[in-house]
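Okay, so here's the structure we're looking at.
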Amino acid sequence: MQDRFIKQINQLPASLAAGLVPLLNQHFSGHLDAQQVADLISISGLEKSELMFQLLTIAKQISLAPVSHFHVGAIAEGNSGDIYMGANVELQGRALCHSVHAEQHAISHAWLNGETGIRNIWINASPCGHCRQFINEIDGGAAINIYLPNTVVKTVSEYLPNAFGPADLGVAEPLMHKQQHTLYCDDQSDPLIIEALDHASLSYAPYSKNHSAVVLELIDGQTFSGRYAENAAFNPSMMPMQMAIASLLRHNHGFEEIQRAVLLESSAGALSLIDISSDALQAISAVPLEHIVAEAI
Ligand code: THU
Ligand code: ZN
């Protein structure tokens, strides 16, 4: 089992801990499929929501919060029934706008795994305004159920009445809606560029058209990617660098393992994420940010 979970596992009900230990192996990155969830429900005898609140104590361990020292965990259940953990991430010494909220982390985790919608979200702290706005961008987002400890379950539309969302800007295919944007790059020999192209083509940038992605490569060759996820209110958008950093942490890797970092952006974008991505990268690594502009077709 991974060291980061050892303390928490001992606080869980014994039957649940016994079922979880084999799952929290070295490869665990916060994703449990629907069958594993069903098995944990039957092993522990807990109701689904009770199980999720117990699992939030595990999700919280993924948090990196050198500024606030306030650790938040979130679990998003995708339309498939699989669950995706996330936790807040803050970058030491850099602007607070680089922070990733636990809810954003969990949702981006689900999106990276091919989910096209979210049914339920469990969180151990009330979702802030920025997260309510971020969740509202998801396809069908207004109907997502939000579960908090000792609180009646409510939908996103109850947490965010009179919402301003993608429809207000004429966007009919919101976040997580399956869509693909074709991008082309001359250099097809570099696997990192191919991976960045794939993710950028799946990114969500209806406002700026800056379809973009970041890939971080570790010394052992493993890669972690993030896609740009814009928001109708602009500021709650999630940067591709933040999404990639969150993924790396979720997979229990350290920043010192990064050997390459690539930002790929569409030539059709009304803006560039080069400066904000470099700023975030410099907080965690000395490697230079490679910048590629791909042709939008
Ligand atoms: N935080 C979340 O992760 N979700 C919320 O909605 C509330 C706030 C995090 C962000 C930051 O890392 C820390 O808690 C303090 O705000
Ligand atoms: Zn938040």
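Numbering of ligands and ligand atoms starts at 1, following listing order. The figures here come from the full heavy-atom set of this structure, side chains too, leaving out hydrogens, waters and symmetry mates.
- Closest to the Zn ion (ligand 2) among the N, O or S atoms of H101 is ND1.
- For the atom pair CD1 (I123) and NZ (K60), the distance works out to 13.5 Å, reported to the nearest 0.5 Å.
- Taking the ring centroids of H251 and F28, they lie at or beyond the 6.0 Å cut-off.
- Rounded to the nearest 0.5 Å, atoms CD1 (I83) and CG (L40) are 8.0 Å apart.
- Taking CD1 from I144 and CD from E77, the interatomic distance works out to 11.0 Å, rounded to the nearest 0.5 Å.
- Looking at E103 and H105, their side chains never bring a donor and an acceptor atom within 3.5 Å of each other.
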Are there any protein N or O atoms under 3.5 Å from the N or O atoms of ligand 1? List them with distances, or say none.
from: ligand 1; atom 1: 3 (O); to: A102; atom 2: N; distance (Å): 2.9
from: ligand 1; atom 1: 4 (N); to: H101; atom 2: ND1; distance (Å): 3.4
from: ligand 1; atom 1: 4 (N); to: E103; atom 2: OE1; distance (Å): 2.9
from: ligand 1; atom 1: 6 (O); to: E103; atom 2: OE2; distance (Å): 3.0
from: ligand 1; atom 1: 6 (O); to: C128; atom 2: N; distance (Å): 2.9
from: ligand 1; atom 1: 12 (O); to: N88; atom 2: ND2; distance (Å): 2.9
from: ligand 1; atom 1: 12 (O); to: E90; atom 2: OE2; distance (Å): 2.6

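- A distance of 6.0 Å or more separates the ring centres of Y147 and F53.
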